[in-house]
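Just so it is clear, the structure is predicted and the values come from calculations on it, not from any experiment.
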Amino acid sequence: VMKSMKIDMSLDEMLQNVLDKLKGLLHCDRLSLLLLRNSELILTNVYPEENRGLKINSAIPNRRSLYWSALLNKQIIFQQLLDSSEAFFENEYLIDLQIHSVIVLPIFIKNKGIGVLSIGRKDPSEWGHDDLLFLEQLTDHLAVSIENTQLYHEVVRGKQQWEDTF
């Protein structure tokens, strides 16, 4: 999945690539990336795009949130949405999108939480142990790719500023 990623790809291109490859490996109906920016967890990308529920750049409240729980507790969360007696912030809009089960994977770079990857299914099927191991490795690789992409774009911006100065 990660071999086809290039350092000059945007996050959108990277996630579209991941989703295209994931569809061949395991069943998923929705993929979303949320990144931590200025102490807020922000929805940055959703695939397929018409499957949003929330607007891009929406901040997720940290109270009663599956996404925040995964990030703060540094653990993968699997949640059946229809059977849950707990009301999480994400429940309403995910159920409106007919997502019945979701797995939320925290993303870390050098032990620092940077976001979460959320994968939803319209059916309530369980995730297998091999699926979880694969997705955990995927988020580790995704974290490195996100960091490399951010560093690359910082260098490009710095180079452009330097060239504009002269």
- Item | same_hphob_cluster(Tyr67, Ile95) at 4.5 Å side-chain heavy-atom cutoff | yes
- Check whether any side-chain N or O of Ser69 sits under 3.5 Å from a backbone N or O of Arg64 as a donor-acceptor pair, and report yes or no. no
- Polar side-chain atom of Thr139 near backbone of Glu136 as donor-acceptor pair, under 3.5 Å: yes
- Query: Looking at Cys28 and Arg121, what are the two nearest heavy atoms and their distance?
  - Reply: CA-CG, 4.3 Å
- Message: Quick check: is Leu31 connected to Leu132 through a chain of hydrophobic side chains (ILVMFWY, heavy atoms under 4.5 Å apart)?
- Response: yes
- Message: Before you tell me yes or no, could you show the steps for Leu135 and Trp127 under side-chain contact (heavy atoms from CB on, under 4.5 Å), namely the whole-Å CA-CA distance, both residues' side-chain angles and the distance that decides it to 0.1 Å?
- Response: CA-CA 10 Å; Leu135 290 171; Trp127 295 86; 3.7 Å; yes
- Task: Give the intermediate values and the outcome of side-chain contact (heavy atoms from CB on, under 4.5 Å) for residues Gln137 and Leu133.
- Result: CA-CA 6 Å; Gln137 288 179 349; Leu133 291 176; 5.7 Å; no
- Roughly how far, to the nearest 0.5 Å, is the NE2 atom of His100 from the CG atom of Leu94? 10.5 Å
- Query: Which atom names give the shortest non-hydrogen contact between Gly113 and Phe108, and what distance separates them?
  - Reply: N-CD2, 3.2 Å
- Message: If I take atom CD1 from residue Ile42 and atom CG from residue Leu33, how far apart are they, to the nearest 0.5 angstrom?
- Response: 11.5 Å
- Query: Roughly how far apart are Leu25 CG and Phe134 CZ, rounded to 0.5 Å?
  - Reply: 5.0 Å
- Message: If we ignore hydrogens and angles and just use 3.5 Å, is the side chain of Ser118 paired with the main-chain N or O of Ser32 as donor and acceptor?
- Response: no
- Message: Is there a path of hydrophobic side-chain contacts, each under 4.5 Å between heavy atoms, that joins Ile77 and Tyr93?
- Response: yes
- Query: If you round to the nearest 0.5 Å, how far is CD of Glu126 from CD of Gln80?
  - Reply: 5.5 Å
- Going by heavy atoms in the side chains, are Leu142 and Leu105 under 4.5 Å from each other? no
- Query: Around atom CD of Glu92, are there more than 12 heavy atoms of other residues, nucleotides or ligands at under 6.0 Å?
  - Reply: no
- Message: If you apply the rule side-chain contact (heavy atoms from CB on, under 4.5 Å), what do you find for Ile60 with Glu90, and how did you get there?
- Response: CA-CA 9 Å; Ile60 305 299; Glu90 298 85 359; 3.7 Å; yes
- Stepwise side-chain contact (heavy atoms from CB on, under 4.5 Å) check, His27 with Asp123: CA-CA 10 Å; His27 173 70; Asp123 65 66; 3.1 Å; yes
- Flag the pair Ile146 / Leu35 as yes when at least one side-chain heavy-atom distance between them is below 4.5 Å, and no otherwise. yes
- CD1 of Ile119 to CD1 of Ile76, rounded to nearest 0.5 Å, is 9.5 Å
- Could you pull out the closest heavy-atom pair between Leu71 and Val116, with the gap in Å? CB-CG1, 4.0 Å
- Between atom CG of Leu41 and atom CZ of Phe89, what is the distance when rounded to the nearest 0.5 Å? 10.5 Å
- Item | Within-4.5 Å side-chain heavy-atom neighbours: Leu54 and Val46 | no
- Task: Determine the minimum heavy-atom distance between Pro61 and Ser65, stating which atoms define it.
- Result: O-CB, 3.3 Å
- Note on the structure: Here the pair of heavy atoms bringing Ile99 nearest to Asp29 is CD1-CB, 4.2 Å
- Note on the structure: Looking only at heavy atoms, the pair that brings Leu81 and Leu66 closest together is CD2-CD1, 4.3 Å
